[in-house]
Amino acid sequence: VISAHYNLCLSGSSDSPTSASQVAGIIESTGSIIEVLSKIDSEGVSANHTSHATSTATSGFAGAIGQKLPPFSYAYTELEAIMYALGVGASIKDPKDLKFVYEGSSDFSCLPTFGVIIGQKSLMGGGLAEIPGLSINFAKVLHGEQYLELYKPLPRAGKLKCEAVVADVLDKGSGVVIIMDVYSYSEKELICHNQFSLFLVGSGGFGGKRTSDKVKVAVATPNRPPDAVLTDTTSLNQAALYRLSGDWNPLHIDPNFASLAGFDKPILHGLCTFGFSARRILQQFADNDVSRFKAIKARFAKPVYPGQTLQTEMWKEGNRIHFQTKVQETGDIVISNAYVDLAPTSDTSAKTPSEGGKLQSTLVFEEIGRRLKDVGPEVVKKVNAVFEWHITKGGNIGAKWTIDLKSGSGKVYQGPAKGAADTTIILSDEDFMEVVLGKLDPQKAFFSGRLKARGNIMLSQKLQMILKDYAKL
């Protein structure tokens with residue numbers, strides 16, 4: 001079953017106004033789209049063996065396979081991460097959600113499914129229309145399925161480079177499925193992989209293959225009662241809020257536009273429902289630990305209207321959480337054949353260093369200790385204080401370090417201060433490195449809540465001044 005999440009604005013920029021030609025295309029295509037929605041089942045429709053598609057069409061689609069879209073960058077801050085979290089139902093009503101909506105939280109994190117926002121720009125920019133062999137009427141494009149895999153938790157802010165490629169093209173008879181892979185990198189490190197399955201209504205029957213080993217396969221839910229069921233009542237403003245994350249499709253906000261597409265009123269983004277369900281699974285089975293989230297696959301089945309109640313039904317089988325999402329008021333399944341893969345608890349705990357051995361900051365503290373041998377007495381004379389550092393990783397304390405600039409020529413050692421520390425500074429390993437590299441101002445980090453300090457805070461400012469004087473240190 002293919003989603004009624006209509007991607008009607010893919011042919012223009014994400015902030016382009018809707019053109020008259022797009023509206024005309026919607027009127028023309030609505031009837032055929034609804035007809036296809038009623039016919040397609042979970043396996044796709046049968047191939048159209050009576051099709052008179054030419055070999056040119058076949059070779060055209062085949063030629064699109066492997067074609068790359070122009071690479072692009074996606075930059076974001078905590079603001080975009082918080083906006084997304086609010087758009088998929090995170091709320092201060094639940095204290096455990098604070099880490100997703102307050103940048104000052106010691107364990108502030110991006111929701112894992114924010115990864116789809118990073119990847120979707122490849123579709124919103126209209127790059128598909130420029131690929132040789134793909135003749136696309138964007139008014140007939142449906143978002144059928146979505147896969148997202150994370151190789152490490154998303155950074156709280158950053159700039160990722162994205163590369164998109166047409167992984168495969170499948171002939172489903174009444175339509176064509178385009179498999180788009182989008183890989184997102186921080187520098188050269190792969191952060192996440194999106195796979196968008198797009199259904200082009202009315203373009204099939206050209207004699208192409210029906211299956212592909214490149215597709216991340218949707219999986220049916222177990223045939224037993226769910227292990228957990230959680231509900232969320234969406235707001236009437238849910239689509240209006242979610243669209244601020246970058247999907248400006250007027251189908252989700254403009255009543256007249258929605259009417260032209262055959263709906264009583266604007267519908268909720270399919271990826272918004274997707275985000276609601278993923279957030280609930282992370283909460284129920286991973287205690288909101290984003291480091292345990294590995295992958296999610298979902299099939300969009302029917303539309304949701306803002307204000308309706310989403311019911312996420314979950315089945316735990318090992319580290320895979322199968323799920324489906326229903327509209328509670330109607331019983332309609334809106335997301336089907338879906339799952340989330342979680343990393344085992346032992347895996348994530350093994351990756352959380354208890355003694356700082358794998359922390360980037362470890363190298364810095366060790367180097368400070370070595371260099372203090374040359375300038376220690378002078379620094380001690382100017383500072384005369386003991387600083388204890390709590391370096392966190394994934395919201396937990398990964399290491400404690402002490403910089404003693406009160407006795408002798410100064411010393412640095414791992415562990416809590418042997419006496420009373422004058423100042424204790426708490427921040428994440430990542431933020432520590434940002435401060436060290438000069439990319440994050442300590443005062444701004446303090447006032448935003450990313451850096452916490454207790455004791456004589458003024459001494460920490462003195463330390464900052466001293467470290468500037470000894471830039472190499």
Side-chain angles (χ1 to χ4, degrees), residues 78 103-108 155-158 186-187 189 291 349-473:
E78 291 86 351
E103 74 287 353
S105 296
S106 59
D107 56 349
F108 177 80
R156 59 185 291 153
S186 176
E187 300 295 338
E189 183 178 18
S291 68
S349 61
K351 294 177 182 178
T352 302
S354 58
E355 297 301 329
K358 294 184 179 180
L359 296 173
Q360 298 178 76
S361 55
T362 298
L363 297 175
V364 178
F365 284 110
E366 290 175 346
E367 186 64 17
I368 290 176
R370 282 190 289 269
R371 298 193 183 191
L372 268 178
K373 294 176 182 178
D374 297 326
V375 296
E378 187 175 352
V379 174
V380 167
K381 185 177 180 180
K382 290 183 178 181
V383 179
N384 191 32
V386 176
F387 298 89
E388 184 173 298
W389 298 74
H390 295 183
I391 304 299
T392 66
K393 189 73 174 179
N396 300 312
I397 295 178
K400 291 182 180 180
W401 286 88
T402 299
I403 300 181
D404 183 348
L405 299 177
K406 182 176 278 189
S407 59
S409 59
K411 55 185 175 180
V412 177
Y413 54 89
Q414 189 171 341
K418 294 175 181 177
D422 294 287
T423 306
T424 300
I425 301 171
I426 307 164
L427 78 168
S428 71
D429 187 54
E430 295 81 5
D431 286 342
F432 178 87
M433 295 306 299
E434 292 283 294
V435 171
V436 168
L437 296 171
K439 296 180 179 180
L440 176 63
D441 181 85
Q443 290 187 5
K444 290 182 179 179
F446 176 76
F447 286 114
S448 68
R450 293 169 65 173
L451 182 154
K452 300 181 187 300
R454 58 175 182 254
N456 190 337
I457 297 176
M458 296 305 294
L459 282 174
S460 64
Q461 294 180 344
K462 192 174 181 181
L463 175 64
Q464 180 186 354
M465 178 186 68
I466 295 299
L467 291 179
K468 285 183 177 179
D469 291 340
Y470 297 93
K472 291 183 179 180
L473 177 62

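This one's a predicted model, so the numbers in the text were calculated from it and none came from an experiment. Heavy-atom basis, side chains included; hydrogens, waters and symmetry copies ignored.
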Given side chains that start at C-beta, do those of K418 and Y413 come closer than 4.5 Å, heavy atoms only?
yes
Considering non-hydrogen atoms only, spot the tightest contact between F432 and S361 and give its length.
CD2-CB, 3.4 Å
Do T423 and N456 have a side chain donor and acceptor closer than 3.5 Å?
no
Side-chain heavy-atom pair M433, L440 within 4.5 angstrom cut-off:
no
Between D422 and K406, does any NZ, NE, NH1 or NH2 come within less than 4.0 Å of an OD or OE carboxylate oxygen?
yes
Would a 4.5 Å heavy-atom cut-off, applied to side chains only, mark E388 and P416 as touching?
yes
Please round to the nearest 0.5 Å and tell me the distance separating atom CD of Q443 and atom OG of S448.
12.0 Å
Given side chains that start at C-beta, do those of E366 and L363 come closer than 4.5 Å, heavy atoms only?
yes
NE2 of H390 to OG1 of T424, rounded to nearest 0.5 Å, is 5.0 Å
Can you measure from CD (E434) to CG (D429) and round to the nearest 0.5 angstrom?
11.0 Å
State the CG-NZ distance between L359 and K393, to the nearest 0.5 angstrom.
6.5 Å
I need the D431 CG to F108 CZ distance, nearest 0.5 Å.
11.0 Å
Using 30° and 60° as the class boundaries, would you call the ring planes of F365 and W401 parallel, tilted or perpendicular?
parallel
For the residue pair L427 and K452, establish whether any side-chain heavy-atom pair is separated by less than 4.5 Å.
no
Does a salt bridge link R450 with E78, judged by any charged N lying under 4.0 Å from a carboxylate O?
yes
Min side-chain heavy-atom separation T402-V412 under 4.5 Å:
no
Determine, stepwise, if the pair L451 / I425 fulfils side-chain contact (heavy atoms from CB on, under 4.5 Å).
CA-CA 7 Å; L451 182 154; I425 301 171; 4.0 Å; yes
Distance col, row I426:CD1 vs R454:CZ, nearest 0.5 angstrom, shows 4.5 Å
Is a side-chain donor or acceptor of S186 paired with a backbone partner of E189 at a separation under 3.5 angstrom?
no
